[in-house]
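Read through the structure below, which is laid out as structure tokens, and then see the notes.
Remember, it's 1-based here, ligands and their atoms both numbered in the order they're listed. As the structure is a prediction and not an experimental result, all values here were calculated from the model. Scope of the values below: all heavy atoms of this structure, side chains included, with no hydrogens, waters or symmetry mates.
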Amino acid sequence: MNTSIRQLTARRIWDSRGRPTVEVDVVLADGARGRGIAPAGASRGSREAVDLRDGGNALGGFGVAQALAHVNGPIAARILGLDAMDQQAVDDALVALDGTPTKSALGGNATIATSLAVLHAAAASAGLPLWRHLAGDSPVRLPLPEIQIFGGGAHAGRRVDIQDFLIMPIGAASFDEAMVMTAEVYRHAGELMAKAGRRAGVADEGGWWPDFASNEDALEMLTRAIDAAGYRHDEVAISLDIAASEFRRDGRYVLGLEQRSYDSGEWLEVLRGWIDRYPILSVEDPVAEDDDAGMRAFTEAFGDRIQVIGDDYLVTNAALVRNAASAGCCNAVLLKPNQAGTVSETRAAMLAAREAGWGMVVSARSGETEDVAIVHLAIGWNAGQLKVGSFARSERMAKWNEALRIEAELGAAAVYAGRQALPVGWR
Ligand code: PGA
Ligand code: ZN
């Protein structure tokens, strides 16, 4: 088969927040086709790949005309003729063409959509589902999902400060059962909110709107929802994405809801109290992206019993993962392909984490589409964990449902990663 890239086209489509985003179609010489779509974050790390937007008044400044022009112009000129089967060479070409540390010249949205489109086209040419194309003969597992039950932070008008209150169905026997457990907890959480007169729709990723009097109130309610659904805490555990960079001001952690502020050491004690009182098994970005001492102290204090994920802190960057591992910061990485800007750089960050014995969580963004590529990456790379947002709205459900289809396709050979995917904890 001739798998050289023959055609590349970018178009504007729309994401789950009704904002424009970049879609790229690739056609290979053998006729195989692939499509990649850029997602978009709202609570972004300062070191992640730049999401290139047009600015100005139209579309709130979120236009992607420049990013589209970059794909149709310089990117096409550079990668037409390259072999789609050599993802690394295509991604290296994108990195070199851009020439900046954060894809600020071409736009990370332009490069990730292109990179994913090429990957899909290669799988299509091989006649394989993407996950199988990525895995080859290596073993795969269905990921342990992290599912948001309450949204907060930048995804809920900062109604509460903590961004994601999530569950992990560690005790499920299969991905299918994990979804049943999730559905039950999500439903009970909604009913408890309704009973309390606080049910007010959903946040950006589909989690219940966090109408709480304090951040801890949300933890309390989530624990009650798990209990009401009838699960033990060694079956369904809590995961938090603190996204602490979002509420760090002048070196202090400022909780708007409680109107209190803490220095790094005091903030660690607040988190300690929560970890002691609630069944929390994973915490993401407990401190701000520039608080290295805080991250080291947090990992030292809790890293032997809970997963400590770096998201804004590591921005899907292999070098940052290696540095953090040697500095004793974090024991897991969040993998967002558009934070890196190419598939190969995302994979490199994943491999650096695997090398360090860390947890690996492939993740969506708060701005998503019907695209399900990340599910295939999580399974094909055997990352072990997948974070997609909540259990509502089709841009989220499309991902969970895709994993169910892959589990069904694997049949008796399907293995659910469950708690084994965690670097520590209740194994
Ligand atoms: P974002 O946040 O996609 O809005 O940047 C998601 C996360 O922090 O995990
Ligand atoms: Zn995060």
Could you walk me through whether Asp25 and Arg33 pass the salt bridge (Lys or Arg N to Asp or Glu O under 4.0 Å) test, one step at a time? CA-CA 7 Å; Asp25 283 349; Arg33 290 167 174 273; 5.6 Å; no
At a 4.0 Å threshold, what atoms of ligand 1 neighbour a non-hydrogen atom of [X]?
{"X": "Gly41", "result": "1 (P), 3 (O), 4 (O), 5 (O)"}
{"X": "Glu284", "result": "9 (O)"}
{"X": "Asp241", "result": "7 (C), 8 (O), 9 (O)"}
{"X": "His155", "result": "1 (P), 2 (O), 4 (O), 6 (C)"}

Around the Zn ion (ligand 2), list the protein N/O/S atoms within a radius below 2.8 Å, excluding water molecules.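 Protein N, O or S atoms closer than 2.8 Å to the Zn ion (ligand 2): Asp241 OD2, Glu284 OE2, Asp311 OD2.
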Please say which of Asp311, Thr346, Thr316 ends up in a side-chain hydrogen bond (donor to acceptor under 3.5 Å, both in side chains) with Lys336.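 Only one of Asp311, Thr346, Thr316 forms a side-chain hydrogen bond (donor to acceptor under 3.5 Å, both in side chains) with Lys336, namely Asp311.
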So how far is it from [X] [atom1] to [Y] [atom2], rounded to the nearest 0.5 Å?
{"X": "Asp164", "Y": "Ser43", "atom1": "CG", "atom2": "OG", "result": "8.0 Å"}
{"X": "Gln163", "Y": "Asn215", "atom1": "CD", "atom2": "CG", "result": "12.0 Å"}
{"X": "Arg396", "Y": "Asn401", "atom1": "CZ", "atom2": "CG", "result": "13.5 Å"}

Considering the options Ile226, Leu166, Leu281, which one meets the side chain to side chain contact (heavy atoms under 4.5 Å, CB included) requirement together with Ile238?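 Among the candidates, only Ile226 passes.
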For residues 192-201, dump all side-chain donor-acceptor pairs below 3.5 Å to protein atoms at least two apart in sequence or in another chain.
{"residue": "Arg198", "atom": "NE", "partner": "Asp211", "partner atom": "O", "Å": "3.4"}
{"residue": "Arg198", "atom": "NH1", "partner": "Asp217", "partner atom": "OD2", "Å": "3.3"}
{"residue": "Arg199", "atom": "NH1", "partner": "Gly190", "partner atom": "O", "Å": "3.2"}

Return the option from Ser366, Ala243, Ser245 holding the heavy atom at the smallest distance from atom 4 (O) of ligand 1.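 Shortest heavy-atom distance from atom 4 (O) of ligand 1: Ser366.
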If you have a sec, work out which protein heavy atom is nearest [atom] and how many Å separate them, to one decimal?
{"atom": "atom 6 (C) of ligand 1", "value": "Lys336 NZ, 3.4 Å"}
{"atom": "atom 8 (O) of ligand 1", "value": "Gln163 NE2, 2.8 Å"}
{"atom": "atom 5 (O) of ligand 1", "value": "Arg365 NH2, 2.7 Å"}
{"atom": "atom 9 (O) of ligand 1", "value": "Lys387 NZ, 2.9 Å"}

With a cutoff of 4.0 Å, is Leu334 in contact with ligand 1, counting heavy atoms of the residue only? yes
Is the closest heavy-atom distance from Ser43 to ligand 1 below 4.0 Å? yes
Indicate yes or no: does an N/O atom of Ala40 lie under 3.5 Å from an N/O atom of ligand 1?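 No; the residue has no nitrogen or oxygen that sits under 3.5 Å from a nitrogen or oxygen of the ligand.
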Determine whether the aromatic ring centres of residues Trp208 and Phe391 are separated by less than 6.0 angstrom.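 No - the distance between ring centres of Phe391 and Trp208 does not fall below the 6.0 Å cut-off.
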Within the 3.5 Å criterion, strictly below it, is a donor on Thr100 or Asp98 matched to an acceptor on the partner's side chain? yes
Taking atom types as modelled and ignoring hydrogens, do the side chains of Ser115 and Glu345 form a donor-acceptor contact shorter than 3.5 angstrom? no
What part of Asp311 sits under 4.0 Å from ligand 1 if we count only heavy atoms: the side chain, the backbone, both or neither?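 Looking at Asp311 and ligand 1, just side chain atoms fall under 4.0 Å.
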Here's a test for you: under ring-ring contact (aromatic ring centres under 6.0 Å, His included), which of Tyr186, Trp209, Phe212 qualifies with Phe150?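 With Phe150 as partner, Tyr186, Trp209, Phe212 yield a single ring-ring contact (aromatic ring centres under 6.0 Å, His included), made by Phe212.
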Between Asp250 and Arg252, does any NZ, NE, NH1 or NH2 come within less than 4.0 Å of an OD or OE carboxylate oxygen?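 No, Arg252 and Asp250 are not salt-bridged.
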